[in-house]
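One structure is given below, encoded as structure tokens.
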Amino acid sequence: QVQLVESGGGLVQAGGSLRLSCAASGRSLSDYVMGWFRQAPGKERESVAAISWSGGSLYYADSVKGRFTISRDNAKNTVYLQMNSLKPEDTAVYYCAANRRGWNPMAVNEFEYWGQGTQVTVSS
């Protein structure tokens, strides 16, 4: 079992940047597909970005393409989400999640382990 802890959220003005980190313990992250998800108030949790075991495959939601970058450092057991050109509609709780079942980055239910989330608020 893997434990995930997100950090790096906060309040930022529109156009600004934040870098989220997801630190893992318990197992090596190299065993997992990793994803970032977000959930805004009153909305369903949605996939934002995902990265395959070695980083060779990437997924981005259309709404964040060109602005967000997912990366992983398996040696540090950490996954990152660099968020640039932030918009008020990016405001949400952001979660990282781990999946051993395979590459299905949009399937929320495929991800078995979740962090507690970190709040990102973008002011206009």
Side-chain angles (χ1 to χ4, degrees):
Q1 191 169 359
V2 64
Q3 292 79 43
L4 304 172
V5 178
E6 302 96 336
S7 61
L11 173 64
V12 64
Q13 288 188 330
S17 298
L18 285 173
R19 188 194 196 201
L20 305 184
S21 298
C22 173
S25 61
R27 291 186 68 102
S28 172
L29 272 189
S30 62
D31 293 337
Y32 299 89
V33 170
M34 297 301 297
W36 284 98
F37 296 78
R38 66 186 181 188
Q39 188 165 18
K43 295 188 177 181
E44 291 187 354
R45 192 168 297 187
E46 63 175 352
S47 177
V48 174
I51 187 167
S52 62
W53 300 266
S54 63
S57 294
L58 302 175
Y59 162 81
Y60 294 100
D62 288 343
S63 58
V64 307
K65 280 181 183 175
R67 301 189 297 122
F68 290 12
T69 303
I70 188 171
S71 60
R72 66 191 300 160
D73 186 336
N74 288 340
K76 294 183 178 180
N77 239 23
T78 302
V79 177
Y80 305 96
L81 185 69
Q82 178 67 44
M83 305 187 296
N84 298 328
S85 302
L86 282 161
K87 304 175 181 180
E89 51 264 43
D90 294 319
T91 295
V93 177
Y94 283 71
Y95 301 88
C96 73
N99 170 15
R100 292 190 72 177
R101 297 171 183 167
W103 179 248
N104 196 354
M106 296 177 63
V108 175
N109 292 338
E110 290 289 310
F111 285 77
E112 304 147 275
Y113 303 104
W114 293 81
Q116 82 289 349
T118 185
Q119 177 70 46
V120 171
T121 303
V122 184
S123 63
S124 57

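Just so you know, residue 1 is the first one in the sequence shown, and it goes up from there.
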Verdict with supporting geometry, W36 and S47, side-chain contact (heavy atoms from CB on, under 4.5 Å): CA-CA 6 Å; W36 284 98; S47 177; over 6 Å; no
Starting from the C-alpha separation in whole Å, work towards a yes-or-no answer on side-chain contact (heavy atoms from CB on, under 4.5 Å) for Y94 and Q119. CA-CA 6 Å; Y94 283 71; Q119 177 70 46; over 6 Å; no
Worked check of side-chain contact (heavy atoms from CB on, under 4.5 Å) between Y95 and E6: CA-CA 7 Å; Y95 301 88; E6 302 96 336; 3.9 Å; yes
Has the side chain of R72 got a donor or acceptor atom that lies under 3.5 Å from a matching backbone atom of S52? yes
Exercise: identify the closest heavy-atom pair between S30 and N74: CB-ND2, 3.7 Å
As a quick check of understanding, evaluate side chain to side chain donor-acceptor pair (under 3.5 Å) for S17 and N84, giving each step before the final call. CA-CA 4 Å; S17 298; N84 298 328; 2.9 Å; yes
Between V120 and L11, is there a shared hydrophobic cluster once you connect ILVMFWY residues whose side-chain heavy atoms come closer than 4.5 Å? no
Close side-chain approach of V48 to F68, heavy-atom, < 4.5 Å: yes
Which atoms form the tightest heavy-atom contact between Q116 and V5, and what is the distance? OE1-CA, 3.7 Å
N99 side chain near E112 side chain, heavy-atom distance below 4.5 Å: yes
Any link between L86 and V64 through a network of hydrophobic side chains (Ile, Leu, Val, Met, Phe, Trp, Tyr) touching at under 4.5 Å? yes
Answer whether the closest heavy-atom distance between the side chains of T121 and V12 falls below 4.5 Å. no
Between R27 and Y32, is the side chain to side chain donor-acceptor pair (under 3.5 Å) condition met? List the steps. CA-CA 9 Å; R27 291 186 68 102; Y32 299 89; 3.3 Å; yes
Over all atoms of both residues, closest heavy-atom pair of S85 and R67: O-NH1, 3.0 Å
Out of curiosity, S57 OG to I51 CD1, how far, rounded to the nearest 0.5 Å? 9.0 Å
Considering only heavy atoms from C-beta outward, does the side chain of Q1 approach that of Q3 to under 4.5 Å? yes
Would a distance-only check, ignoring hydrogens and angles, find a side-chain to backbone donor-acceptor pair under 3.5 Å from T78 to K76? yes
Rounded at 0.5 Å granularity, tell me how far NZ in K43 sits from CD in E89. 8.5 Å
May I ask whether W53 and L81 are part of the same hydrophobic cluster, defined by side-chain heavy atoms of I, L, V, M, F, W, Y residues being less than 4.5 angstrom apart, directly or through others? no
Minimal heavy-atom distance between A92 and R38, with the atoms involved, is CB-CB, 3.8 Å
Is L58 reachable from M34 through a run of hydrophobic residues whose side-chain heavy atoms are each under 4.5 Å from the next? yes
Looking at every non-hydrogen atom in both residues, tell me the closest pair between G8 and L18 and how far apart they are. O-CD2, 3.8 Å
Do L20 and Y80 have side chains that get closer than 4.5 Å, going by heavy atoms? no
Could you check whether any side-chain N or O of T91 sits under 3.5 Å from a backbone N or O of V122, counting only pairs where one atom can act as donor and the other as acceptor? yes
Student check: side-chain heavy atoms of V93 and T118 closer than 4.5 Å: no
Report the C-alpha distance between L4 and V2 in whole Å, list the side-chain angles of each, state the deciding distance to 0.1 Å, and finish with yes or no for side-chain contact (heavy atoms from CB on, under 4.5 Å). CA-CA 7 Å; L4 304 172; V2 64; 4.0 Å; yes
Measure across V33 and G102 and return the closest heavy-atom pair with its distance rounded to 0.1 Å. CG2-O, 3.8 Å
Is there a side-chain contact between V79 and C96 in this structure, where contact means two heavy atoms from C-beta onward sitting under 4.5 Å apart? no
Are any of the side-chain heavy atoms of T69 and Y60 separated by less than 4.5 Å? yes
If the threshold is 4.0 Å, N to carboxylate O, is there a salt bridge linking K87 and D90? no
Residue list, ring pair (Phe, Tyr, Trp, His ring centres under 6.0 Å) with F37, at least two apart or on another chain: F111, W114
